[in-house]
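Heads up: the structure comes next, in structure tokens.
Just so you know, these numbers use all the heavy atoms, side chains as well, and skip hydrogens, waters and symmetry mates. Proteins come first, then strands; the chains are lettered A, B, ... in the order of their sequence lines, and each starts at number 1.
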Amino acid sequence: MFGDLVQIKKQLISVISLCKERGLVHSEDAQDMDALGLAKSYFDLKEYDRAAYFLRGCSSQKAYFLYMYSRYLSGEKKKDDETVDSLGPLEKGQVRNEALRELRVELSKKHSAGELDGFTLYLYGVVLRKLDLLKEAVDVFVEATHALPLHWGAWLELCNLITNIDMLKSLSLPDCWIRDFFIAHMYTELQMIKEALQKYQSLIESGFSKSTYIVSQIAVAYHNIRDIDQALALFNELREQDPFRIENMDTFSNLLYVRSMKPELSYLAHNLVGIDKYRVETCCVIGNYYSLRSQHEKAALYFQRALKLNPRCLGAWTLMGHEYMEMKNTSAAIQAYRHAIEVNKRDYRAWYGLGQTYEILKMPFYCLYYYRKAHQLRPNDSRMLVALGESYEKLSQHVEAKKCYWRAYTVGDVERMALLKLAKLHEQLNESDDAAQCYIIYIQDIFSCGEQLEHAEVSTALRYLGQYYFKNKLYEEASLCAQRCCDYNDAREEGKALLRQISQVRDHMEASNTTPVRRVSPLDLSSFSP
Amino acid sequence: MASVHESLYFNPMMTNGVVHANVFGIKDWVTPYKISVLALLYEMTTSKPIALQERRRLNKLILPLQQGPDLTLDQFLKTVEECCPQTAYAVKLRLHEMADGELKDMEYFFATLPTPFSAIDSEAYKTSVVGLFMRHMLLAYNKLSFSQVYKLYKALQQYYHSHYSQPGDVQVGLPALAADDSDMDLTSTEDNVGERMEKEELDTAPLHESELSRGPLSQKQAEYFLARQAYLLKNDENKALKPSALQDELNNMLKFNPDFAEAHYLSYLNSMRVQDIFISTHSLLHYFDRLILSGSEGKSNGDEGYGRSLRYAALNLAALHCRFGHYQQADLALQEAIRIAQESNDHVCLQHCLSWLYTLEQMKGSDSSVLTEDSVKMAAHFCLPYLVSLGIQSLVQQGAVQGKTAHELMDALKDTDILHWKHSLSELIDISLAQTTSIWRMYGKSTMAQQQAQLLLNMNSLEQVNFGVQQNNTEAFAVALCHLAELHAEQGLYGAVSEVLKHLKEQFPPHTQHAKLWMLCDLKIQFDRAMNDGKYHLAEPHVTAIAALNKTEGLYRKAQVLKALNRTTEAYSILQRLQLYCEKTKYTEMIIRVMLVTAELHWESSGFATALPLLLQALALARQHHLQALASETILHLAFTQLMLGVPEQALGVLHEAMEPILAHGAVMDKGRALLLAARCQMAMAGTRSNGQKHAALGLAVQSLGEAAAYFSMLDCKERLRDVHYLQARLHHTLGQTPQRNKCAMLFRLLDQELQAPGAAVAILSFIQIL
């Protein structure tokens with residue numbers, strides 16, 4: 001299918017010119033030539049009514065599209081202007097694009113007559129969506145993709161309307177190479193990262209390896225599954241290929257933030273300001289930069305600026321919520337998170353943030369709901385599970401808490417806290433066997449991952465295990481643990497004390513000579529070095 | 001990429017795609033409707049010669065017009081016309097001048113309005129209601145920008161012309177005024193205003209819907225809408241919008257103004273109606289998220305307001321889980337609320353928490369009287385009359401179950417009543433009356449119960465603003481009506497019962513919260529009827545339905561059916577289980593009933609002697625708890641047992657003790673049974689006497705039987721009626737009264753054929769032995 005890359009290129013070039021002629025800036029017949037030229041000029045000057053006026057009698061498809069599109073844009077412009085001059089709350093919300101209804105009537109007539117081309121179908125779809133006729137809109141967009149598969153705008157609109165995988169599967173989409181791009185994009189949107197990565201990989205293999213779009217999408221996908229290293233590497237590569245790119249750079253800055261890479265983030269921020277300082281992405285990057293430097297007021301300011309530039313920018317709301325949290329302004333944080341949720345109900349970070357806010361306010365039961373929501377959206381994210389577990393623990397619902405921690409471990413614990421917490425919970429409940437088991441897995445886990453984690457509490461685990469083995473009379477293992485304990489400052493004294501105890505008991509035991517009962521498999525530490 | 005179409009121009013007032021209206025901090029805006037009101041006021045101040053009565057009506061109209069939501073011109077003119085046609089015409093003329101003229105006409109109108117600052121002696125003086133309104137309007141008008149003035153004028157033209165475009169739409173009433181006026185009418189001595197209002201109330205509901213679907217609401221309208229719907233949800237659900245329609249409205253409202261937090265709360269209430277835990281939780285939390293914002297923004301209470309809403313958020317969550325029966329969740333949420341309230345020393349909130357705590361304990365079925373008492377004391381200390389009396393009421397309820405004496409309970413209720421009237425807590429007055437009904441009923445005083453129920457139903461509502469609600473559909477009313485239905489059923493007045501139930505069905509449709517009450521009541525009545533008629537196959541399906549609504553009751557009824565079907569072993573095991581359970585939950589009434597049925601089971605196996613201690617125990621229990629009806633029934637059982645054990649003298653003595661209360665308060669069924677039993681005792685005793693005395697005694701028995709037959713025929717209780725006729729025939733035979741004997745024998749034969757029950761003969765044999 002991808003064999004003919006040359007063909008694809010040709011198609012692309014042609015569609016770009018088609019798009020340009022129709023004024024579709026971001027996506028991409030000889031009769032009526034004069035009128036069209038005049039109207040296009042007016043259109044470019046943003047005098048939409050004027051453009052529409054000169055196009056009203058034209059019959060060619062291109063002119064018709066421009067005619068309708070001017071009318072649509074004129075309506076939108078007026079709507080935006082009107083809102084400033086509204087007559088108070090009675091009118092609030094009544095301000096709507098008056099042209100939409102007329103457009104819909106005309107377009108639907110033409111649509112049923114089958115006179116619409118790909119672009120007009122796309123416009124019809126947009127009108128329907130604006131009128132909240134979502135079901136019809138989906139149908140029309142699908143039709144538009146069939147009529148003109150290479151118009152990415154229609155695909156993107158479709159993407160916004162698809163809410164779940166079943167809906168995606170039920171659509172009959174045109175069989176074209178661009179479809180794979182769409183499917184991959186959809187998978188990313190629906191958080192089906194693995195499938196998305198596969199799709200993108202196959203696209204790269206079939207010849208799109210130089211596409212910065214694909215690289216950036218893969219990087220975003222890695223970011224979503226929190227594979228930070230991969231994502232960082234890809235973003236760096238992307239910046240080399242396309243140094244003046246601003247798109248997706250907010251995601252990049254998030255990654256740098258998570259890794260606390262101050263100099264890189266600073267460099268990125270300065271670089272982006274140099275390119276264009278009034279871009280949402282730039283503002284987000286700067287916000288992240290200030291946040292990393294703990295200048296939270298400034299960070300919040302920049303996120304606010306990002307929101308002014310685009311009020312529907314989801315990430316900025318959430319990030320602003322985080323900043324307010326840092327500033328201990330919980331009510332403002334709640335507001336910001338709520339806004340984020342309003343923009344997109346499926347934003348798990350906002351739900352998680354709300355949960356955290358209430359947790360800070362010491363309302364563990366209350367925050368359960370929010371964590372649950374977040375967990376629903378990201379069932380395989382350990383952070384929500386750990387947060388849920390902690391809340392349950394605070395409510396002394398131990399069974400649920402244990403389940404959460406264990407599940408968090410099994411789905412791949414990012415912060416490696418779940419097992420430790422589980423072990424401590426078992427310890428509290430005097431379930432020493434389970435606790436020891438958890439500590440063993442925890443230690444193995446920590447050592448096997450190789451890197452040094454700041455909050456790692458290996459010493460706690462070792463200390464407990466030492467005592468545990470000692471109690472169960474497994475002196476070999478106990479002394480091994482005690483020796484390891486001595487490697488850590490906070491556990492050194494206890495380790496030494498335990499060693500002394502062990503040697504005492506051993507001396508005593510040699511006299512009596514009893515065999516210990518083995519209940520738990522001994523910890524095999526020989527292969528790991530702390 | 002695709003965001004080209006979203007927002008071409010950055011708009012400073014837009015956040016989130018929605019315009020924030022209150023940017024200028026003005027709540028009042030000039031609208032075409034307001035201009036009409038201004039025109040009316042202008043006419044009223046300038047043209048003096050209006051008849052006194054008309055002027056009075058107009059004056060009464062001013063406030064509702066000013067404060068109510070916007071009306072269409074039709075509605076507005078119609079309202080004014082009803083008060084004073086002359087003025088209405090003048091207003092219309094003035095509007096016509098403006099709408100059909102030019103922009104300058106409107107400007108001129110505003111210029112000529114009497115300025116509240118100059119007109120000292122007129123009604124429009126600056127401190128008067130009218131003056132204040134005019135000042136608001138003038139201020140708002142002067143603040144309008146150039147294009148806004150033009151838009152206002154356009155809107156006015158449209159407003160005026162829409163009046164003519166659809167002249168057929170005259171029959172619509174006026175929504176706000178109907179309500180507002182009717183409570184102003186209290187002072188009115190005028191003609192037929194009341195009737196007029198009533199007629200218009202009928203139109204209210206459809207009008208509201210049509211009005212709402214028209215478009216977004218102003219702040220005031222929205223507030224009014226929410227307040228009204230919330231009130232209706234609480235007091236009379238049927239008059240509120242349908243759940244789905246209401247939800248649509250709320251969604252619509254929230255779409256245009258997502259910050260309107262109250263709408264979320266209403267959505268919470270609304271989804272509670274349809275038992276939708278998902279949306280209700282979501283809305284509740286959303287509401288409090290929003291409230292926390294507004295609380296913190298308010299300067300007056302600052303941090304305090306913020307923390308406060310947190311506490312109440314947790315408390316409300318507890319209430320929600322409680323409503324859905326998630327007691328563990330409710331408990332956790334409540335603990336959280338209590339902890340936060342304690343941390344911030346909020347005693348009032350703590351008090352609310354405490355009252356929820358005992359409610360929760362009660363719902364879980366554990367004893368919470370200590371908690372309740374504490375709650376009452378503390379609430380009294382903090383001057384929270386509502387909570388005090390709620391606590392007392394719940395104490396009374398517990399006390400009644402646990403067998404406190406009647407005078408204590410009644411005293412407590414009287415005290416709460418004083419509290420209610422002092423603070424006009426009408427809701428609690430209703431509850432108190434319903435509770436009294438229940439208590440009287442429990443004690444077996446049917447007349448008193450009936451009287452209290454009627455009192456509640458006939459009482460006028462005390463609510464200050466009632467939106468034409470005559471009778472609320474709160475739980476109290478449901479309880480009272482159910483009692484009434486059952487009381488009528490006891491008297492065999494099944495026509496009345498079905499009337500009451502029909503009313504209940506209308507008032508509390510099946511999906512509503514309190515519908516279970518009447519469903520259970522209905523099922524119980526049907527079950528009892530079927531059992532009395534001996535149609536056990538009809539009673540059996542009811543058992544399943546009853547069990548679904550009330551497990552204990554269901555088990556009890558199941559045992560009854562099994563007993564009637566002679567499946568003794570099964571019945572016995574169920575009864576044992578039930579008794580254990582009831583003893584655990586201290587459900588005395590049920591314990592006694594179970595004992596009675598168990599005793600009946602013993603009879604079946606002729607274990608009369610074994611039944612005796614059980615019955616005595618039941619009697620003691622009933623007397624201890626002052627349950628007169630049950631005590632009388634126990635005595636009946638006891639007497640029968642004694643009769644069977646061959647001591648009719650004793651039986652008759654015992655029976656006489658119960659006869660009086662049964663005849664005074666008992667159900668028709670019980671009356672019949674008592675008389676039948678008395679007759680049988682008399683017959684048994686007559687057997688031992690000499691001839692002359694025997695005749696007299698038998699005569700007495702015949703008389704008793706006649707009365708019993710009358711009662712049984714009232715209930716159409718054929719099986720017992722047959723027995724009675726049989727006994728009558730035998731007695732007449734003994735007395736040598738042949739024609740009567742033949743008549744009774746014929747009646748017996750007819751009934752016996754009708755019943756065709758092979759088992760019946762066995763029962764009769766036992767009587768023959770006695771005779």
request  = Could you check whether the rings of B:H282 and A:Y369 sit parallel, tilted or perpendicular, using 30° and 60° as the cut-offs?
outcome  =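 Correct class here is tilted.
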Validation row: [X], [Y] side chains within 4.5 angstrom (heavy atoms):
| X | Y | answer |
| --- | --- | --- |
| B:L285 | A:Y370 | yes |
| A:K394 | B:E336 | no |
| B:D289 | A:Y358 | yes |

request  = Let me know if A:I341 has heavy atoms under 4.5 Å from chain B in its side chain, its backbone, both or neither.
outcome  =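 Neither the backbone nor the side chain of A:I341 comes within 4.5 Å of chain B.
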task = Please name the pair of heavy atoms, one in B:R339 and one in A:K362, separated by the smallest distance, quoted to 0.1 Å.
result =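 Answer, listing the atom of B:R339 first, then A:K362: NH2-O, 2.6 Å.
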key: Among B:I340, B:T281, B:L332, residue most engaged with chain A (heavy-atom pairs, under 4.5 Å)   =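 The option with the most such pairs is B:L332.
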task = Please state whether the side chain, the backbone, both or neither of B:E343 comes within less than 4.5 Å of a heavy atom of chain A.
result =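 Side chain only.
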ask   = In Å and rounded to the nearest 0.5 Å, what is the CG to OG1 distance from B:L310 to A:T330?
value =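 Answer for the CG-OG1 pair, B:L310 versus A:T330, is 7.5 Å.
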query = What distance separates A:L395 CG from B:Q335 CD, expressed to the nearest 0.5 Å?
reply =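 One finds 8.0 Å between CG of A:L395 and CD of B:Q335.
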request  = State which residues pass side chain to side chain contact (heavy atoms under 4.5 Å, CB included) with B:A314; sequence neighbours excluded, sorted by chain then number.
outcome  =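 By the side chain to side chain contact (heavy atoms under 4.5 Å, CB included) rule, B:A314 matches A:M363, B:A337.
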ask   = Considering residues at least two apart in sequence or located in another chain, which fulfil the side chain to side chain donor-acceptor pair (under 3.5 Å) criterion with A:Q376?
value =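 Partners of A:Q376 by the side chain to side chain donor-acceptor pair (under 3.5 Å) criterion come out as none, since no residue qualifies.
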request  = Please check if atom CZ in A:R104 has more than 12 non-hydrogen atoms from other residues, nucleotides or ligands closer than 6.0 Å.
outcome  =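 No, CZ of A:R104 has 12 or fewer neighbouring heavy atoms, counting only those of other groups under 6.0 Å.
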